[in-house]
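Chain A is the first sequence line, chain B the second, and so forth, proteins listed ahead of strands; every chain is numbered from 1.
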Amino acid sequence: MAKPKVPGMFKGLGITFNTLVDTLKNGAATVQYPHEKESPPVRARGVIALREDNCTSCMLCARSCPDWCIYIEGHKELAPPRRAGGKPRGVNKLDRFDIDYALCMYCGICVEVCPFDALFWSPEYEYSEPKIADLLHDKTKLGEWMETVPEAPELESGALKGKK
Amino acid sequence: MLATLPYWGVSLIRILGGIVAVLLPAGSIVYIFLFKMMSFMQSRLGPMEAGPYGSMQLFAEVGKWLQKEDLAPDGADKRLFKMAPLIVLASTFLLVAVVPFGPDAWFTNFEAGVFYALAVSSVSVLGILMAGWSSANKYSLMGGLRAAGQLIAYELPMVLAVIGVVIQAGTMNLQQIVVKQNNDKIFGLHFLGNPYILTQFVGFIVFMIAVQAELTQTPFDMPIAESELVSGYMTEYSGFRFLIFFIGEFATAGVFALIASALFLGGWGVPFSWFGWHNIGDVANWMNVVGPLIMFVKMMIVVFLIMWVRFSFPRFREDQLQRFAWKVLIPIALANIMLTAILKVAF
Amino acid sequence: MSILDRLRSLIGDSIADSLIKPSDDLWVRVKPEAWRRTAQVLRDEMGFEYFCFLSAMDWMPSPFGKSEDDPTDEAPPRDDTIKQGYAGGDTRFQVLARLYSLKQHVGIILKVDVEDRGAVDSWVPVFAGANWHERETWEMFGISFTGHPDLRKMYLPGDFEGNPLRKDFPLLARIIKPWPGIVDVEPLPGAADDEQEGAVAE
Amino acid sequence: MTATTSGQVISDRQQLAYIASQAADARVNVELETEGMTLNIGPQHPATHGTLRIIARLDGEQVIWAEPSAGYMHRGYEKLTEVRSFPQVTALINRIDWLGSFANEVPFILAAEKLMGIEAPPRAQYIRTILFELSRIANVTLFLGDLGVQLGAITPVFFAFRDREYALNLIEAATGGRFHPNFDRIGGLKDDLPKGWIDEAKATMKKMKQFCDTIEDLLFGNEIFQIRTRGIGVIPKDVAMSYGLSGANARASGIDWDLRRDQTLPMAWDKADWKVITHPAGDSFARCWVRLQETREACSIVEQLVDNIPAGPIMAKVPRIVKVPEGEAWVSTENPLGEMGYYVVSKGDTGPFRVKIRSASFNNISITPWLLKGVFVPDIITILASLYFILGDIDR
């Protein structure tokens, strides 16, 4: 065993003691969770929010989901014509849009493939449930998450602007 | 004062005192060091929810443990299994009996106090071995065997380290050792008395290392070694029997710290020259109240050292530990005894 | 001399086929009887000392597809012909392995044809690390390795039947659950075509 | 077992342990000798961080033989890839080495890009490399802390969790996923970096370097740590190669091989100035030490690259629904755990026909029966800790 100037054991004791003093002086690195909360970054994939009006039940998200955890049902409905005097259009209305968060693996593919901007990520994370069945969020609950969806962050310099 | 009470009254006070002397240090050690100091050393806060700054956490834990079912594994030797934690705790209570807390505040005061303390401290080995054997678990068995090997190996350096003190004090009575330390002078100075940590520094270090091993604290925690043996001899215990082991662990830490402060740090006393006392007969009665407090503070300092090392170091391997005991500690302790004896004769 | 030329000069008659993609990789298919010798030669003579992996291929297209079919739609035509990849092949199964030379920093991918539930020589005597890879291949494809010291199941429980990575082994998780991608949009009552229906209602 | 007969130098300690184990083997067969004991370490055991099970036959505390038994977490990824499209597979393979997830995506995406004959634009290559190294930092940081726990020191792991959080925050801010970024796309990346990320990255790298110093003083400098790891679990060079050991485990045995340096990939490692760390000893200490130094190197790679990210697009021109042309491709990269490679076979569909996942831990752990012979029970733990495996990486 090589003998350094300060034996490693004492150095180690010094480190723990310094941390002790540092914690007493400057506070801990942790936060007391239910009382204090750290806010996740804007891009954090916490929960998926649904803007129901934009959804056309095209099934793209359900088909691209690796876990098959999105269930969509809809029906056709007449909507007022786009232009005055035009014919009323048949549009797809959502009856059911469920995401099973017990299955979801938060990959974000559904949000990415959605061509009509109906799905968004929200950084909200406090929706754990004692019963696993309650993790199936229906379209009203998914719609409520829309309030928590933040603006997309600005990009770092050098990024191409104006491109999604 | 005590003399006016009937015998059963004295006994009752002694029993209560003993319980306080075991549980109070254990509780404060767990809260201050295990919950708080360790957390601060790891830049976190530790328990904060139960009571102000988590001070009631220990009571919450005790409540939780007491509620749990008293389980024993199927293949266990049930009688031994249930007895083992009690034996470990009993050794702690036996140990505290000889510790003097003040001029009159002692449980027993007998001549071979040091000898007795070292003898009963090894009773806990029996409990641990019983726990390891009776659990019918391979991890427990290995933990028990490691504990037996380790505790017996480190008994020897501990005894040898204490012998230096005994030689210097010329007595095995702990009360007398405390009085001697506070009444003596070092280099002709009366100011500090003569706490034996100054003259017996090597002995103190050896003693503390041996205590660390006796308490199975890191870096000598192979009998528990949670990353190897799950929890060693305690693996199969839960509920209040685990609680007893837990209390036993920290109460023993407290009692050993008390003994260490009595042997090396001047015990309950202050240097007698401060108040013009000359021997134990002169000591004022209020020292019976202040003495335990001084003792408590000294104990906390010693436990701080034990815990500081525990939270900073990795652990040895079993064979390295044995080698360390036999090849390093015991020769050093023997040399220390020789030196002490020579100096004692010389001066 | 290129690696392939050197290999050909050493075990020339055992090479069944090969393919070089420049600045990519080298594929060599050897004859089954030369499988172990190839490894030996590559390690001892040519410095391919590093064993990377060993596995197998089932070239049959899966009879189950991706279980992503709309039962109302007509099933798309399925091509069941077995078509081997680079460096060709004659059998449905192939064992493939990769070795790497730490001196030249090049790798070589070796393939060998093997019959369904057939066997090839084990590489364990040459590369000790092939042990676990061959166990895995054995349990996943049912290809056994002669001379393997300890051909036991690696991942699956002992009484598991079937070889999961064969294409004819169904992925039950996808079969027991209906595909949620089936379009489930109820049409307007009594109408076949949206546009017309809109006009009629008007 | 094989491969001991080579001319390699084996430490005295290991040689003695071998002889003792042979003797122990022989003694078991002799009448009136101690009976061995079979100890099941795992699948639920504090030291196997995951569900690896080690069946060890012991004589006292000495291991006569030991055999790891994997498969308690086998998720059948190779089968699952057959029914998934390329973007879906990317989400899946995040979970192989869950501590350094981003690094798992890169070789797979590179293999798909190789088959398609496209390359990500330079900006994407830089960001990929930075995130790759960040995931290495996040991964190895936890290793360094966990190492302490395995050896009985409890404090380093809390430091590791504290400081790893900074790296994870950085990954999360860029990708949205703490552990499972799923940020790589065929042809580039999902998104560009958010504003202020580069400055944060520089500050974090300073903290991570500080963490390395702390661990070096607290753990590596400790004499107890040194006697627990030096000379324990020595792997000679040729054994390492025949078992296919890779990454820091190989480099600790003196194999000077790093896929970041030794192959040309469309990544930005060659744009930074860094060195490959090797150690000649091959013991547990060397493996831990190499990883510590590599974390420092990774920090300096990130520091160098963030300053020079070229401007431009982050996606190459790729059709919306990706169909990968028929072919086979092998790409491997130097992941935190070692060489991680994917052998992707495509039949021109939206998904791969077959993906063979070559994960580092699988090979790294397959050496344990050879390595654990003759060691003591506590050394099983140090050796396993120093070999460093992630269970998802063994079982896939």
Undergrad: Sort D/Phe220 into side chain, backbone, both or neither according to what part of it lies under 4.5 angstrom from a heavy atom of chain A.
TA: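 Neither part; nothing is under 4.5 Å.
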
Undergrad: Using a cut-off of under 4.5 Å for heavy-atom pairs, which of A/Gly12, A/Pro66, A/Gly108, A/Pro123 has the most such pairs with chain D?
TA: A/Pro66

Undergrad: Pick one of side chain, backbone, both or neither for D/Thr90, based on which atoms fall under 4.5 Å of a heavy atom in chain A.
TA: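 For D/Thr90, there is no contact with chain A at all, as no heavy atom is under 4.5 Å.
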
Undergrad: Between chain A and each of D/Ile198, D/Thr350, D/Thr155, count heavy-atom pairs under 4.5 Å; write down the option with the most.
TA: D/Ile198

Undergrad: To the nearest 0.5 Å, what is the distance between CD1 on A/Ile15 and CG on D/Asp213?
TA: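 Going from the CD1 atom of A/Ile15 to the CG atom of D/Asp213 covers 9.0 Å.
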
Undergrad: Heavy-atom distances under 4.5 Å only: say whether D/Arg178 touches chain A with side chain, backbone, both or neither.
TA: neither

Undergrad: Which value, rounded to the nearest 0.5 Å, describes the distance between D/Arg185 atom CZ and A/Glu112 atom CD?
TA: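 Separation between the atoms: 4.0 Å.
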
Undergrad: So do D/Leu92 and A/Met105 actually touch side chain to side chain, heavy atoms under 4.5 Å?
TA: yes

Undergrad: What's the spacing between A/Lys11 NZ and D/Leu219 CG if we round to 0.5 Å?
TA: 13.0 Å

Undergrad: Whether the side chain of D/Asn182 engages the backbone of A/Cys107 through a donor-acceptor N/O pair (distance < 3.5 Å, no angle test) should be reported.
TA: yes

Undergrad: Should we say atom NZ of D/Lys323 is surrounded by more than 12 heavy atoms from elsewhere, each under 6.0 Å from it?
TA: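 Check fails, neighbour count at 12 or below.
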
Undergrad: Counting only heavy atoms from other residues, nucleotides and ligands, does the tally under 6.0 Å from CD of A/Glu147 exceed 12?
TA: no

Undergrad: Please check if the number of heavy atoms outside A/Glu38 that lie under 6.0 Å from its CD is greater than 12.
TA: no

Undergrad: Can a donor-acceptor pair be found, under 3.5 Å and without considering hydrogens, that links the side chain of D/Arg162 to the backbone of A/Ala29?
TA: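 The answer is no, because no donor-acceptor pair under 3.5 Å joins these two groups.
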
Undergrad: Name the member of D/Pro310, D/Ala153, D/Pro181, D/Ser85 that forms the most heavy-atom pairs with chain A at distances under 4.5 Å.
TA: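 Answer, by heavy-atom pair count under 4.5 Å with chain A: D/Pro181.
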
Undergrad: Any idea which of A/Pro41, A/Ser64, A/Gly46, A/Gly14 has the most non-hydrogen atom pairs under 4.5 angstrom with chain D?
TA: A/Pro41

Undergrad: So for A/Thr19, is it side chain, backbone, both, or neither that comes closer than 4.5 Å to the heavy atoms of chain D?
TA: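 Only the side chain of A/Thr19 comes within 4.5 Å of chain D.
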
Undergrad: Ignoring hydrogens, what is the shortest heavy-atom contact between D/Asn222 and A/Met9? Give both atom names and the distance.
TA: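 Minimum heavy-atom separation between D/Asn222 and A/Met9: OD1-CG, 3.7 Å.
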
Undergrad: Please classify the contact between D/Thr214 and chain A as side chain, backbone, both or neither, with a heavy-atom cut-off of under 4.5 Å.
TA: both

Undergrad: Could you walk me through whether D/Gln88 and A/Asp67 pass the side-chain contact (heavy atoms from CB on, under 4.5 Å) check?
TA: CA-CA 9 Å; D/Gln88 289 176 340; A/Asp67 291 344; over 6 Å; no

Undergrad: Check the surroundings of atom OH in A/Tyr125: do more than 12 heavy atoms from other residues, nucleotides or ligands lie under 6.0 Å from it?
TA: yes

Undergrad: Out of D/Gly312, D/Ala311, D/Pro194, which one racks up the most heavy-atom pairs below 4.5 Å with chain A?
TA: D/Pro194

Undergrad: Which atoms form the tightest heavy-atom contact between D/Ala91 and A/Ile109, and what is the distance?
TA: CB-CD1, 4.4 Å

Undergrad: Side chain, backbone, both or neither: which part of D/Ile309 has a heavy atom under 4.5 Å from chain A?
TA: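 No part of D/Ile309 comes within 4.5 Å of chain A.
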
Undergrad: Nearest heavy-atom pair of D/Glu172 and A/Ala44: which atoms, and what distance?
TA: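 Result for this residue pair: OE2-CB, 3.4 Å.
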
Undergrad: Is a side-chain donor or acceptor of A/Arg43 paired with a backbone partner of D/Asp191 at a separation under 3.5 angstrom?
TA: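 Not confirmed, A/Arg43 side chain does not pair with D/Asp191 backbone.
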
Undergrad: Would you give the length of the straight line joining atom OG1 of A/Thr16 to atom CZ of D/Phe159, rounded to the nearest 0.5 angstrom?
TA: 7.0 Å

